[in-house]
K.L.:
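First, the structure itself, so that you have it in front of you.
On a predicted model such as this, the values are computed, not experimentally measured, just so you know. Throughout, a chain's letter reflects where its sequence line sits, starting with A, and its residues are numbered from 1.
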Amino acid sequence: MATTDGVANIPLVVIVGPTASGKSGLAVRLAKQVGGEIISADSRSVYRGLSIGTAKASPEDLRKVPHWGIDLVEPDERFSAADFQKYAFGKIAEIRSRGKIPILAGGTGLYIDSVIYNFSFSGKDVDFETREFLTNQSIDWLHTYCYKHHIKLPENHLNKRYVVNNIIHANSSNSIRESKPDNTIVVGIITENSNLEYKINTRIDQMFANGVVEEAEMMAKAYGWGCEAMTGNVYRIIRRYLADELDLDEAKRLCVVKDKQLAKRQMTWFKRNRDIKWFDLEGAYTFLVHELGVTPKK
RNA sequence: GCCGGAGUCGUCUAGUGGCAAUGACAGGAGACUGUAAAUCUCCCCCUUUUUAGGUUCGUAGGUUCGAGUCCUACCUCCGGCA
């Protein structure tokens with residue numbers, strides 16, 4: 001059934017949800033069942049070398065199903081939402097051309113939305129010096145600069161990063177949000193609070209057992225604690241643990257807290273998206289298999 | 001048992017006798033189209049919609065126009081001596 005028409009009609013499956021909700025597991029299971037390939041929409045997984053602390057897909061999963069969006073750049077490189085979007089668009093087309101179903105799965109809401117709503121990132125990234133310079137100015141300075149140059153302030157005008165972004169991308173109109181294409185199925189994993197806390201807890205324990213601390217130490221030695229990839233939740237805490245500011249239990253506890261806070265922010269992002277159909281893991285699986293069953297894949 | 005020191009919002013913490021009382025963390029609600037696991041905003045004793053009202057600083061009294069702050073007793077905790 002790999003006619004040109006059929007290929008174009010292959011749906012894009014999108015799986016979102018808070019961290020530790022079981023997205024990846026579901027994606028793998030689904031991919032095996034329906035013949036899919038997974039694109040990870042995760043702002044940490046794009047960095048090489050950091051596997052344990054970012055809960056990247058396991059080697060077994062990687063063997064079972066093709067995964068994309070992992071280990072794309074060096075830990076000290078920059079990777080923007082625009083970069084991700086470009087990459088994802090390319091991969092989606094590629095996977096479809098193979099007659100497979102692309103499954104976009106992850107917890108980085110900005111990445112997900114940039115793909116399903118076709119965000120327009122016009123223009124190019126600006127050199128670091130400009131960004132650096134602007135970032136070093138006071139918020140008042142930035143405000144008057146915007147005023148003088150007729151640049152509109154973001155709604156959250158006290159957020160320096162947003163103001164700087166507005167200045168940098170001042171002459172590229174990029175706030176057009178298209179509506180979701182029909183052949184895109186977006187599913188959200190809903191998780192009971194207590195259950196999610198349990199999952200986060202066990203995952204953090206697992207990370208430490210698997211040697212996150214050593215991983216962090218190695219990466220810090222090679223790239224420094226300040227590099228992009230190390231902004232992940234657990235690494236900042238491990239740094240303090242290694243500096244003897246925290247004992248092991250305290251470090252683990254803080255990691256759990258960080259993850260819970262992340263999960264909350266992720267849900268705040270996803271909650272407002274009315275295109276998401278919410279299910280528990282099992283419900284999502286049966287729904288998706290059913291939806292995809294009617295497509296000309298077999 | 002005696003001598004010191006301490007008891008403040010879930011936790012830690014600030015508090016010259018004079019506005020529910022500082023800061024941090026945790027928690028809650030949000031924002032977010034180029035760092036997003038980032039960054040930022042608001043709420044956070046109780047009631048009500050409020051610039052309103054009520055009840056607070058271990059407990060009970062007292063001094064004072066006024067007490068978290070001073071005095072007394074008691075309770076609890078931590079040091080030192082026993």
K.L.:
So which one's nearest nucleotide on RNA chain B is more toward 5', A/Trp269 or A/Arg236?
P.N.:
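This one resolves to A/Trp269.
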K.L.:
Rounded to whole angstrom, note down the P distance from B/U56 over to B/C9.
P.N.:
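The same atom, P, in both gives a distance of 15 Å.
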K.L.:
Does A/Tyr117 make a side-chain N or O approach to OP1 or OP2 of B/U33 shorter than 4.0 Å?
P.N.:
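No, no such contact exists.
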K.L.:
Return no unless some side-chain N or O of A/Gln266 is found under 4.0 Å from OP1 or OP2 of B/A36.
P.N.:
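Answer no for this pair, as no side-chain N or O of A/Gln266 is under 4.0 Å from OP1 or OP2.
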K.L.:
Measuring to OP1 and OP2 of B/A36, would you say a side-chain N or O of A/Arg161 lies under 4.0 angstrom away?
P.N.:
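Checking A/Arg161 against B/A36: no side-chain N or O falls below 4.0 Å of OP1 or OP2.
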K.L.:
Picking from A/Ile151, A/Leu142, A/Leu153, what satisfies side-chain contact (heavy atoms from CB on, under 4.5 Å) with A/Asn166?
P.N.:
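Filter result, single survivor: A/Ile151.
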K.L.:
Against A/Phe208, only a single residue in A/Asp205, A/Ile204, A/Asn210 fulfils side-chain contact (heavy atoms from CB on, under 4.5 Å); can you say which?
P.N.:
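Going through the options one by one, the only one that passes is A/Ile204.
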K.L.:
Would you mind classifying the nucleic acid contact of A/Leu110 as base, sugar-phosphate or nothing, using non-hydrogen atoms under 4.0 angstrom?
P.N.:
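It contacts base atoms.
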K.L.:
Please pick, from B/C32, B/G27, B/U33, the nucleotide with the shortest atom-to-atom distance to any side-chain atom of A/Gln261.
P.N.:
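Nearest to the side chain of A/Gln261 among the choices is B/G27.
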K.L.:
Say we look at B/G62 and B/C44: how far apart would their P atoms be, to the nearest angstrom?
P.N.:
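Straight-line distance between the two P atoms is 35 Å.
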K.L.:
Could you tell me how far apart A/Arg272 (CZ) and B/A29 (P) are, to the nearest whole angstrom?
P.N.:
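The answer, rounded to whole Å, is 16 Å.
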K.L.:
Is a side-chain donor-acceptor pair under 3.5 Å present for A/Tyr235 with A/Glu215?
P.N.:
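A/Tyr235 and A/Glu215 do have a side-chain donor-acceptor pair below 3.5 Å.
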K.L.:
Can you tell me how far P of B/A38 sits from CZ of A/Arg44, to the nearest Å?
P.N.:
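Roughly 8 Å, once rounded to whole Å.
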K.L.:
Which part of the nucleic acid does A/Gln85 contact within heavy-atom distance under 4.0 Å: base, sugar-phosphate only, or nothing?
P.N.:
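No contact at all - A/Gln85 keeps every heavy atom at 4.0 Å or more from the nucleic acid.
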K.L.:
Counting Watson-Crick and G-U wobble pairs with both distances under 3.5 Å, what is the dot-bracket string for RNA chain B, 5' to 3', using [ ] for crossing pairs and | for pairs to another strand?
P.N.:
((((((((.[[[..)..(....]]].(((((.......))))).(((....)))...[[[[[..)....]]]]]))))))).
K.L.:
Using a 4.0 Å heavy-atom cut-off, does A/Gly109 contact any base of the nucleic acid, only the sugar-phosphate backbone, or nothing at all?
P.N.:
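No contact at all - A/Gly109 keeps every heavy atom at 4.0 Å or more from the nucleic acid.
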K.L.:
Go through the steps for A/His67 and A/Lys56 under the test side-chain contact (heavy atoms from CB on, under 4.5 Å), then give the verdict.
P.N.:
CA-CA 11 Å; A/His67 278 71; A/Lys56 257 182 216 167; over 6 Å; no
K.L.:
So for atom CD, which belongs to A/Glu60, do other residues, nucleotides or ligands contribute more than 12 heavy atoms lying within a distance under 6.0 Å?
P.N.:
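Yes, CD of A/Glu60 has more than 12 neighbouring heavy atoms, counting only those of other groups under 6.0 Å.
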K.L.:
Choose from B/U35, B/A29, B/A38 the nucleotide whose nearest atom is closest to any side-chain atom of A/Thr135.
P.N.:
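The answer is B/U35, which lies nearest to the side chain.
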K.L.:
Answer with base, sugar-phosphate or nothing: what part of the nucleic acid does A/Phe84 contact at a heavy-atom distance below 4.0 Å?
P.N.:
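Result for A/Phe84 = nothing.
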K.L.:
Considering just the side-chain nitrogens and oxygens of A/Lys271, establish if one lies under 4.0 Å of OP1 or OP2 belonging to B/G30.
P.N.:
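For A/Lys271, the contact criterion (side-chain N or O under 4.0 Å from OP1 or OP2 of B/G30) is met.
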K.L.:
From the options A/Lys199, A/Arg203, A/Gln266, select the one residue that forms a side-chain hydrogen bond (donor to acceptor under 3.5 Å, both in side chains) with A/Thr19.
P.N.:
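With A/Thr19 as partner, A/Lys199, A/Arg203, A/Gln266 yield a single side-chain hydrogen bond (donor to acceptor under 3.5 Å, both in side chains), made by A/Arg203.
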K.L.:
Under 6.0 Å from the CZ atom of A/Phe89, do we count more than 12 heavy atoms belonging to anything else shown?
P.N.:
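Counting neighbours around CZ of A/Phe89, more than 12 heavy atoms of other residues, nucleotides or ligands fall under 6.0 Å, so yes.
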K.L.:
Hey, does A/Thr54 reach any base, or is it just sugar-phosphate, or nothing, if we go heavy atoms under 4.0 Å?
P.N.:
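Answer is base: heavy atoms of A/Thr54 come under 4.0 Å of a base.
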K.L.:
Are A/Glu282 and A/Arg29 within salt-bridge range, i.e. N to O under 4.0 Å?
P.N.:
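A salt bridge is present here (some side-chain N lies under 4.0 Å from a carboxylate O).
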K.L.:
Atom CG of A/Leu134 and atom C1' of B/U39: how far apart are they, to the nearest Å?
P.N.:
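Taking atom C1' of B/U39 as the reference, CG of A/Leu134 is at 16 Å.
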K.L.:
Of the nucleotides B/A38, B/C32, B/U33, which one has an atom closest to the side chain of A/Asn233?
P.N.:
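That would be B/A38.
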K.L.:
Taking only N and O in the side chain of A/Thr108, is any of them less than 4.0 Å away from OP1 or OP2 of B/A37?
P.N.:
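Yes, such a contact exists.
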K.L.:
For A/Glu155 and for A/Arg253, find the nucleotide of RNA chain B with the closest heavy atom, then tell me which residue's nucleotide is more 5'.
P.N.:
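This one resolves to A/Arg253.
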K.L.:
With rounding to the closest Å, how many angstrom separate the P atoms on B/G15 and B/A6?
P.N.:
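Pairwise P distance, B/G15 against B/A6, rounds to 12 Å.
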K.L.:
Would you measure the distance from the P atom in B/U8 across to the matching atom in B/C77 and give it in whole Å?
P.N.:
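Between the two P atoms, the distance is 14 Å.
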K.L.:
For B/C71 versus B/U63, give the span between their C1' atoms, rounded off to a whole number of Å.
P.N.:
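That atom pair is separated by 7 Å.
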K.L.:
Ignoring hydrogens and angles, are the base of B/A38 and the side chain of A/Tyr162 linked by a donor-acceptor pair under 3.5 Å?
P.N.:
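Checked by distance alone, the answer is yes.
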K.L.:
Considering only the P atoms, how many Å lie between B/U16 and B/A26, rounded to the nearest integer?
P.N.:
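Pairwise P distance, B/U16 against B/A26, rounds to 28 Å.
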K.L.:
Under 4.0 Å, heavy atoms only, any strand: does A/Gly106 hit a base, just the sugar-phosphate, or nothing?
P.N.:
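The answer is nothing, as A/Gly106 stays clear of every strand by at least 4.0 Å.
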K.L.:
Do we see a donor-acceptor contact under 3.5 Å between the side chains of A/Arg44 and A/Thr231?
P.N.:
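Judged by distance alone, the side chains do pair up.
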K.L.:
Ignoring the backbone of A/Asn156, work out which of B/A31, B/A36, B/U39 is nearest its side chain.
P.N.:
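The nucleotide sitting nearest to the side chain is B/A31.
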K.L.:
With heavy atoms under 4.0 Å as the rule, sort A/Asp42 into base, sugar-phosphate or nothing.
P.N.:
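The residue A/Asp42 makes base contact.
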K.L.:
May I have the distance from A/Leu262 (atom CG) to B/G28 (atom P), rounded to whole angstrom?
P.N.:
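After rounding, the reported distance stands at 13 Å.
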K.L.:
Take A/Lys64 and A/Asp61 through the test salt bridge (Lys or Arg N to Asp or Glu O under 4.0 Å) and record every step on the way to the result.
P.N.:
CA-CA 5 Å; A/Lys64 282 184 206 157; A/Asp61 284 344; 3.7 Å; yes
K.L.:
Looking at the side chain of A/Asn159, which of B/A26, B/A31, B/U35 is the nearest nucleotide?
P.N.:
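Closest nucleotide among those given: B/A31.
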K.L.:
Among A/Val13, A/Thr184, A/Val14, whose side-chain contact (heavy atoms from CB on, under 4.5 Å) with A/Leu104 holds?
P.N.:
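Exactly one option meets the side-chain contact (heavy atoms from CB on, under 4.5 Å) with A/Leu104, and it is A/Val14.
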K.L.:
Atom CD of A/Glu250 to atom P of B/U11: distance rounded to whole Å?
P.N.:
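About 16 Å, once rounded to whole Å.
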K.L.:
Between B/G28 and B/C46, how many Å separate the two P atoms, rounded to a whole number?
P.N.:
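Each nucleotide's P atom is 15 Å from the other's.
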K.L.:
From B/A37, B/C32, B/A36, pick the nucleotide closest to the side chain of A/Arg265?
P.N.:
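Out of B/A37, B/C32, B/A36, the nucleotide with an atom closest to A/Arg265's side chain is B/A37.
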K.L.:
Tell me: CD1 of A/Ile112 to P of B/U33, nearest whole Å?
P.N.:
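For the pair A/Ile112 CD1 and B/U33 P, the rounded distance is 15 Å.
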K.L.:
Specify the separation, in whole Å, of atom CH2 of A/Trp225 and atom C1' of B/U35.
P.N.:
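Interatomic distance, CH2 of A/Trp225 to C1' of B/U35: 19 Å.
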K.L.:
Compare the minimum distances between each of B/U33, B/A38, B/C32 and the side chain of A/Phe121, then state the nucleotide with the smallest one.
P.N.:
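Selected nucleotide: B/U33.
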K.L.:
At under 4.0 Å, does any side-chain N or O of A/Lys260 touch on OP1 or OP2 of B/A26?
P.N.:
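No, outside the criterion.
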K.L.:
Where the side chain of A/Leu158 is defined as all heavy atoms beyond and including C-beta, which of B/A37, B/U41, B/U39 is the nearest nucleotide?
P.N.:
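Nucleotide nearest to A/Leu158's side chain: B/U41.
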K.L.:
Need one value for A/Lys86: base, sugar-phosphate or nothing, where a base atom within 4.0 Å counts as base even if backbone is also close, heavy atoms only.
P.N.:
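Nothing, no heavy atom under 4.0 Å.
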K.L.:
For the P atoms, the ones on B/C12 and on B/G18, what distance do you get once it is rounded to whole angstrom?
P.N.:
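Nearest-Å result for B/C12 against B/G18 at atom P: 26 Å.
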K.L.:
Rounded to the nearest angstrom, tell me the gap between atom CD1 in A/Ile237 and atom C1' in B/A38.
P.N.:
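The distance from CD1 of A/Ile237 to C1' of B/A38 comes to 14 Å, rounded to the nearest Å.
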